[in-house]
**Student:** 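Structure in structure tokens, see below.
Residue numbers start at 1 and run along the sequence shown.
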Amino acid sequence: MPKAKGKNRRQKYSYNLNRKRLYRSARRRAAPRIACSHIRHAWDPTKSVAQNLAEMGLAEDPNKAVPIPKNKLLGMEVESNGREQGKKIVRKPYVVNEMEYEASLPEKKDHTLSRDLIDYVRYMIQNHGENYKEMARDEKNYYQDTPKQIKRKINVYKNFYPEEYKDFIASLKQEKMDVQ
């Protein structure tokens, strides 16, 4: 397929265009992408990134915020003079407090196992108990899992649903007692 005419031609450089001004205006217009809602609400678009973060008590560059002393880099332990560098004033401490509170909340488990895997594990335990070699030879072992793989799947089920597993084992023991 032939190429379009004029595509191979070299672009002419425009000497009259002020690229510095174009770059600056584009930089001013582009607001930073902020993922954290606390920072987004406290952000002042008239100030620079460094100024905004300093007001919130956050660090722009972690290497400057918590520097590694040169004496530790060299392997020597030398006592410091006890001087502390000038601390910046935090005008918006609520941002850091809210972020710390959010981080301290326990992580919500949103992982689940597939219904097929749960049914497979329950079937294997119900028919074979703890005998993993027998489970590996079972006809319902479609994926030809080895005994170790089956054991791993059962352990995953135990970890994801501990109460459900205990109830299931208790119901199996109840059925055995009823049979006897």
**Student:** With heavy-atom distances below 4.5 Å as the criterion, would you say the side chains of Tyr94 and His38 are in contact?
**Tutor:** no
**Student:** Does the side chain of His128 come within less than 4.5 Å of Lys133's, by heavy atoms?
**Tutor:** no
**Student:** Find the distance between CE (Met56) and CD (Gln51) and round it off to the nearest 0.5 Å.
**Tutor:** 11.5 Å
**Student:** Let me check something: do Tyr142 and Leu117 share a hydrophobic cluster, defined by ILVMFWY side-chain heavy atoms less than 4.5 Å apart, either directly or through other members?
**Tutor:** no
**Student:** Going by heavy atoms in the side chains, are His41 and Ser37 under 4.5 Å from each other?
**Tutor:** yes
**Student:** Give me the atom names and distance for the closest heavy-atom approach of Leu172 to Ile125.
**Tutor:** CD1-CG2, 3.8 Å
**Student:** Which of parallel (below 30°), tilted (30 to 60°) and perpendicular (above 60°) describes Tyr157 and Tyr161?
**Tutor:** tilted
**Student:** Of all heavy-atom pairs between Asp138 and Met124, which one has the smallest distance, and what is that distance?
**Tutor:** CB-CE, 3.9 Å
**Student:** Is there a side-chain contact between Tyr132 and Thr146 (heavy atoms, below 4.5 Å)?
**Tutor:** no
**Student:** Hey, are the side chains of Ile169 and Tyr165 touching, using non-hydrogen atoms and a 4.5 Å cut-off?
**Tutor:** yes
**Student:** When rounded to the nearest 0.5 angstrom, what is the spacing between CD in Gln174 and CG in Asp167?
**Tutor:** 12.0 Å
**Student:** Just wondering, are more than 12 heavy atoms of other shown residues or ligands nearer than 6.0 Å to CZ in Arg40?
**Tutor:** yes
**Student:** So, Arg122 and Glu164, do they make that salt bridge, N to O below 4.0 Å?
**Tutor:** yes
**Student:** Step through the shown structure and confirm whether more than 12 heavy atoms of other residues, nucleotides or ligands are within 6.0 Å of NZ on Lys166.
**Tutor:** no
**Student:** Tell me whether Ile39 shares a hydrophobic cluster with Val49, the cluster being built from Ile, Leu, Val, Met, Phe, Trp, Tyr side chains joined at under 4.5 Å.
**Tutor:** yes
**Student:** Do you know which two heavy atoms are closest between Gln144 and Gln149, and how far apart they sit?
**Tutor:** O-OE1, 4.2 Å
**Student:** Check whether the side chains of Thr46 and Asp44 place a donor and an acceptor atom closer than 3.5 Å, and report yes or no.
**Tutor:** yes
**Student:** Rounded at 0.5 Å granularity, tell me how far CG in Asp61 sits from CG in Leu53.
**Tutor:** 11.0 Å
**Student:** Checking side-chain polar atoms at under 3.5 Å, does Tyr120 have a donor or acceptor matched by the opposite partner on Asn141?
**Tutor:** yes
**Student:** Please report the closest heavy-atom contact between Asp145 and Ala136, naming both atoms and the distance.
**Tutor:** O-CB, 3.7 Å
**Student:** When rounded to the nearest 0.5 angstrom, what is the spacing between NZ in Lys176 and OG in Ser171?
**Tutor:** 11.0 Å
**Student:** Would you check if Glu55 and Lys47 make a side-chain contact, meaning some heavy-atom pair closer than 4.5 Å?
**Tutor:** yes
**Student:** Quick check: closest heavy atoms across Met99 and Cys36, and the distance to 0.1 Å?
**Tutor:** CG-SG, 3.9 Å
**Student:** Give a yes/no verdict on a cation-pi contact between Lys140 and Tyr123, requiring under 6.0 Å between NZ or CZ and the six-membered ring centre and an angle within 45° of the axis.
**Tutor:** yes
**Student:** Which heavy atom of Val121 sits nearest to which heavy atom of Lys153, and what is that distance?
**Tutor:** CG2-O, 4.0 Å
